[in-house]
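Only this structure's heavy atoms are used, side chains among them; waters, hydrogens and symmetry mates stay out. Numbered from 1 within each chain, the chains take letters A, B, ... in sequence-line order.
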There are 2 protein chains.
Amino acid sequence: MTTDPATDDQPPGIRTRPSTVTLRDVADAAGVSKASASRALDPRSQYVSPELRARVMETARRLGYRPNASARATTTGATAMVAVLVSDIRDPYNAEIVHGVIEQAGASGLVATFAGTDHAIDDEVRVVRMMRSLRPHAMILTGARSGSTVSRTSLEEELARYTQEGGRVVIAGDDELPFDTAVVPRRRGASALVADLFRLGYRSPALIRPDHDSAAAREWEDGIVETARSLGMRIEYGAVVRAPMSRDGGYDAVRSLVEQRHEGLDVVLAATDAMAIGAMSAMRDAGLSPGTEIGVAGFDDVVGTEDVTPTLTSVDLALARVGAAAVELALTESAADRRRVEFEPRVILRGTTPARHG
Amino acid sequence: MTTDPATDDQPPGIRTRPSTVTLRDVADAAGVSKASASRALDPRSQYVSPELRARVMETARRLGYRPNASARATTTGATAMVAVLVSDIRDPYNAEIVHGVIEQAGASGLVATFAGTDHAIDDEVRVVRMMRSLRPHAMILTGARSGSTVSRTSLEEELARYTQEGGRVVIAGDDELPFDTAVVPRRRGASALVADLFRLGYRSPALIRPDHDSAAAREWEDGIVETARSLGMRIEYGAVVRAPMSRDGGYDAVRSLVEQRHEGLDVVLAATDAMAIGAMSAMRDAGLSPGTEIGVAGFDDVVGTEDVTPTLTSVDLALARVGAAAVELALTESAADRRRVEFEPRVILRGTTPARHG
DNA sequence: CTGAAAGCGCTTACAG
DNA sequence: CTGAAAGCGCTTACAG
């Protein structure tokens with residue numbers, strides 16, 4: 001049992017990944033120093049002879065060299081990465097924002113990293129902690145969050161730690177946390193919707209709002225109610241129903257509205273498209289024909305608004321642009337003041353809200 | 001203009017991020033060596049006195065220390081990261097798979113990184129190149145891809161480079177590329193659907209399939225056709241319509257079927273739920289009542305199958321589990337042979353396919 | 001059980 | 001314009 005002396009020569013050291021080509025390899029193959037190779041491969045580097053640069057680039061290409069992002073990050077201290085916290089990617093609302101983030105990140109040469117967060121703040125704290133290890137250039141927080149005040153405090157602490165390290169925090173969504181934010185124009189969208197409906201002749205809305213108390217729900221409701229009031233529209237007592245934020249929630253909400261037998265109610269506004277679609281089903285089941293007998297409008301315009309009959313009026317919140325804007329906020333220098341970007345929402349009037357007589 | 005001698009002492013070196021706490025800081029604050037601090041923080045490390053470990057952990061907590069993942073990756077050569085390539089996250093089909101990936105990655109202590117790929121192989125090649133820099137533990141490819149043979153070859157080359165570096169490639173979706181794959185059970189699902197419909201009394205199906213030639217579309221069609229034939233069902237000439245993979249595609253397909261006036265057609269099968277929902281609309285517009293007069297079934301069960309009237313029969317492909325399984329394949333040792341995981345799809349019979357007389 | 005030292009793959013002043 | 005050297009923040013044999 002003797003050891004083969006030939007293998008004894010190999011330095012022990014850490015085992016690296018099998019046959020990864022490194023800068024060293026490229027430099028050797030091109031017959032230059034590592035320093036020169038590094039400069040030749042950096043497009044921003046000035047002092048490289050064209051000849052040397054060409055040779056190194058060609059060698060790198062031939063060997064299939066890809067710089068090690070981790071090594072680069074540990075020397076420069078910077079990562080070309082944004083970390084995105086999403087509650088549930090299956091929610092088309094989130095998916096739309098995330099799509100904007102991915103596109104814009106790609107266009108800006110950044111990698112987007114994701115982690116799920118279960119909607120709960122405690123979970124977000126955990127994820128922020130984990131993500132901090134990656135030293136991302138920025139963290140983008142998406143979606144609604146719910147949790148106790150103490151949870152909220154520890155989230156803010158954890159984010160503060162991150163910003164002290166030089167990280168940037170950007171919110172894509174509701175205007176809840178004290179950071180630069182790309183705002184989803186909910187309030188403005190709700191307001192514009194009501195104004196348009198008024199113009200079409202609607203006068204007495206009922207509201208179906210989510211039964212949890214999120215900033216998003218509040219903004220939607222506020223936008224509706226304020227504009228309705230200012231236009232002299234009547235919101236009857238009991239015409240604001242709380243329900244789970246789902247198709248079935250919308251369905252049940254309309255059933256309870258029907259039982260109450262409101263006088264003169266002419267349009268039902270739901271906080272999401274899914275709820276509105278459920279509401280339409282309930283109307284049909286109650287013998288009411290959505291659109292002709294009573295107006296219906298959803299919100300967000302991400303679910304199948306075109307797939308129901310009649311097609312559903314909704315509000316396009318430009319969510320992909322919100323996601324893209326969040327990335328841009330992360331990339332541009334942060335001002336002393338908190339920044340806020342908001343796009344114009346677009347009301348899309350469809351079959352469920354025909355013009356009203358009179 | 002004299003330089004302040006006091007500042008002259010500072011080592012020039014690279015500027016690191018403002019006030020990040022490093023292992024060095026923790027070690028100093030705890031009065032131990034970096035080596036000991038490192039070991040104390042590594043739960044798998046054996047030879048640490050409980051006393052020292054406790055002290056270091058407490059210090060780390062107090063300072064808000066988070067290990068630098070890049071530095072760790074450059075020393076160990078391994079990253080706790082999976083890179084996911086998705087074509088379009090807004091597609092609920094993809095979102096469902098990605099959801100499974102994120103969940104399972106989180107549970108396994110991995111970070112999931114995403115990049116979008118525009119469906120085109122050329123773009124995938126670009127993204128794989130970019131992602132290689134991150135040295136992720138694995139790359140997970142999702143969704144359909146289209147492109148020339150030469151594009152496909154360069155994709156395979158780029159992936160080969162990656163595997164030579166020790167990376168793992170896993171496919172979540174269609175059985176197209178020669179790597180470990182978590183299969184979306186399309187063919188099996190299509191087959192089970194037809195069998196169930198046969199049992200309900202349906203005998204003469206029409207097919208609406210996507211007008212592009214993807215592996216997914218092919219598998220669906222093959223599953224349908226084979227099973228139908230083997231059961232003695234009749235698929236009429238011209239009863240297979242190609243259409244864009246969208247609601248409107250489904251709508252138009254049914255119009256053309258109606259024009260052809262097929263005899264005895266008793267059920268329309270669409271390759272996606274969205275197409276099926278469009279098909280239902282077209283039936284109504286043609287004076288046919290979906291469900292009662294003619295059966296309809298979608299596929300995937302991710303869009304609003306419950307939101308139409310009658311509710312839409314579809315097939316649940318367990319997509320989140322497919323995503324999770326892809327992560328698991330990435331984590332377990334790869335066998336010599338290519339591995340393949342496939343779950344049982346679930347046919348969900350709803351209102352659009354009532355039992356047929358006789 | 002603990003510490004000093006070497007090394008991971010890069011980048012960037014600093015001298016030529 | 002180019003190369004030798006130092007340094008980024010870690011981890012892990014190697015000696016005590």
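Taking only side-chain nitrogens and oxygens, B/Tyr65 comes nearer than 4.0 Å to OP1 or OP2 of D/dC10. The phosphate of C/dT2 has neither OP1 nor OP2 within less than 4.0 Å of any side-chain N or O from B/Ser36. In this structure, A/Ser38 reaches the C/dT11 phosphate: one of its side-chain N or O atoms is under 4.0 Å from OP1 or OP2. Dashed line: the shortest gap from a side-chain N or O of A/Arg72 to OP1 or OP2 of C/dT11 is under 4.0 Å.
In this structure, CG of A/Asp42 is placed 16 Å from C1' of C/dG9, rounded to the nearest angstrom. Atom P of nucleotide C/dC14 and atom OH of A/Tyr47 are separated by 14 Å, given to the nearest angstrom. What separates CD of B/Gln46 from P of C/dC1 is a distance of 9 Å, to the nearest Å. Between A/Leu134 atom CG and D/dG9 atom P there is a gap of 16 Å when expressed in whole angstrom units. Atom CG of B/Leu23 is separated from atom C1' of D/dG7 by 16 Å (rounded to the nearest Å). For the pair A/Arg55 CZ and D/dT2 C1', the interatomic distance rounds to 11 Å; values are reported in whole Å. Between A/Leu41 atom CG and C/dT12 atom C1' there is a gap of 15 Å when expressed in whole angstrom units. The distance from atom CZ of A/Arg132 to atom C1' of D/dC10 is 17 Å, rounded to the nearest whole Å.
Comparing atom distances between the B/Asn68 side chain and each of C/dC8, D/dC10, D/dG3 picks out D/dC10 as nearest. For A/Lys34, counting side-chain heavy atoms from C-beta on, the closest listed nucleotide (D/dT12, C/dC10, D/dA4) is C/dC10. Picking from C/dG3, D/dG9, C/dT12 the nucleotide with the shortest atom distance to the side chain of A/Arg39 gives C/dT12. When distances are taken from the side chain of B/Ala35 to each of C/dC10, C/dC8, C/dA5, the shortest belongs to C/dA5.
Of the two residues near DNA chain C, B/Pro50 and B/Ala71, the one whose nearest nucleotide lies more 5' is B/Pro50.
B/Leu134 places none of its side-chain heavy atoms less than 4.5 Å from the side chain of B/Thr79.
The residues B/Arg126 and B/Glu158 are annotated as not salt-bridged, no charged nitrogen and carboxylate oxygen being separated by less than 4.0 angstrom. Of the charged side-chain nitrogens involved, at least one lies within less than 4.0 Å of a carboxylate oxygen, so that B/Asp180 and B/Arg168 count as a salt-bridged pair. Taking 4.0 Å as the cut-off between side-chain N and carboxylate O, A/Arg55 and A/Glu51 count as a salt-bridged pair.
Side-chain contact, A/Arg339 with A/Thr332: a donor N or O sits under 3.5 Å from an acceptor N or O.
The only member of B/Thr163, B/Val170, B/Leu329 that meets side-chain contact (heavy atoms from CB on, under 4.5 Å) when paired with B/Phe179 is B/Thr163.
Across C/dT12 and C/dG16, the matching P atoms stand 22 Å from one another, rounded to whole Å.
Nucleotide C/dT2 is matched to D/dA15 when pairs are restricted to Watson-Crick or G-U wobble geometry with both distances under 3.5 angstrom.
As judged by a 4.0 angstrom heavy-atom cut-off over every strand, A/Ser49 is placed among residues touching the sugar-phosphate backbone only.
Residue A/Thr75 places no side-chain atom within donor-acceptor reach of the base of C/dG9, judged by atom type and a 3.5 Å distance cut-off alone.
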